[in-house]
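These notes concern the structure reproduced below.
For the numbers below, each heavy atom of this structure counts, side chains included, while hydrogens, waters and symmetry mates do not. All values derive from a computational prediction rather than experimental measurement.
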Amino acid sequence: QVQLVESGGGLVQAGGSLTLSCAASGRSFSRYTTGWFRQAPGKEREFVAVFSWSGTTLYADSVKDRFTISRDNAKNTAYLQMNSLKPGDTAVYYCAARYGGSRFEAYEYDYWGQGTQVTVSS
């Protein structure tokens, strides 16, 4: 069992930056693949980035070159560094974990945080 708690969301102007954190408790975090997803009002939850158990990172095209996913296994914490934010990035951001390789669909993740709101003003 893994418990996830996100933090770091907030209100930022377009072009600004935020760093989200995902603190994990429970079993060894390093054995899990960690994903970030987001959900805007009226839209489905969508993949943002993933950090696999082996260290591979992958990004959605919409955030590539702007967002960076990382993980500190010693602290059992994953991060999402978000730069050059746009109003279209406004959403609730969720951290998720699964035992196994990288996946891009929300239903393939077993553990979820409660989400943190990111609002980007124009």
Under the 3.5 angstrom rule, does the side chain of Thr90 hit a backbone N or O of Val120 as a donor-acceptor pair?
-> yes
Looking only at atom types and distance, does a side-chain atom of Glu6 sit under 3.5 Å from a main-chain N or O of Cys95, one as donor and one as acceptor?
-> yes
Can you give me the closest heavy-atom contact between [X] and [Y], atom names plus distance?
{"X": "Val118", "Y": "Gly9", "result": "CG2-CA, 4.2 Å"}
{"X": "Leu18", "Y": "Gly8", "result": "CD2-O, 3.8 Å"}
{"X": "Ser84", "Y": "Ser17", "result": "N-OG, 4.4 Å"}
{"X": "Arg66", "Y": "Leu85", "result": "NH1-CA, 3.9 Å"}
{"X": "Tyr111", "Y": "Val2", "result": "CD2-O, 3.4 Å"}
{"X": "Ala78", "Y": "Thr34", "result": "CB-CG2, 3.7 Å"}

Distance (rounded to the nearest 0.5 Å) between [X] [atom1] and [Y] [atom2]:
{"X": "Tyr32", "Y": "Asp110", "atom1": "OH", "atom2": "CG", "result": "8.0 Å"}
{"X": "Asn83", "Y": "Thr68", "atom1": "CG", "atom2": "OG1", "result": "6.5 Å"}
{"X": "Ile69", "Y": "Gln81", "atom1": "CD1", "atom2": "CD", "result": "12.5 Å"}
{"X": "Gln117", "Y": "Gln39", "atom1": "CD", "atom2": "CD", "result": "11.0 Å"}
{"X": "Thr56", "Y": "Phe51", "atom1": "OG1", "atom2": "CZ", "result": "8.5 Å"}
{"X": "Ser30", "Y": "Asn76", "atom1": "OG", "atom2": "CG", "result": "7.5 Å"}

With a 4.5 Å limit on heavy-atom distance, are the side chains of Val50 and Thr33 in contact?
-> yes
Taking side chain as C-beta onward, heavy atoms only, is Ser62 less than 4.5 Å from Arg38?
->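 Sidechains of Arg38 and Ser62: in contact.
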Same cluster (ILVMFWY, side-chain, under 4.5 Å), [X] and [Y]:
{"X": "Tyr99", "Y": "Trp112", "result": "no"}
{"X": "Tyr79", "Y": "Val92", "result": "no"}
{"X": "Leu80", "Y": "Phe37", "result": "no"}

Are side-chain N/O atoms of Arg98 and Tyr109 paired as donor and acceptor at under 3.5 Å?
-> no
Distance-only side-chain donor-acceptor flag, Gln13 / Ser121, under 3.5 Å = no
Salt-bridged, Asp89 to Lys86, with N to O below 4.0 Å?
->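 Judged by the 4.0 Å cut-off on N to carboxylate O distance, Asp89 and Lys86 do not form a salt bridge.
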Over 60° means perpendicular and under 30° means parallel, so classify the ring planes of Tyr93 and Phe67, tilted if in between.
->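 Correct class here is tilted.
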Evaluate the criterion side-chain contact (heavy atoms from CB on, under 4.5 Å) for residue pair Met82 and Val63; output intermediate values, then yes/no.
-> CA-CA 8 Å; Met82 306 184 294; Val63 306; over 6 Å; no
Within 6.0 Å of CD in Glu44, more than 12 heavy atoms from elsewhere |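 No, because the 6.0 Å sphere around CD of Glu44 holds 12 heavy atoms or fewer from other groups.
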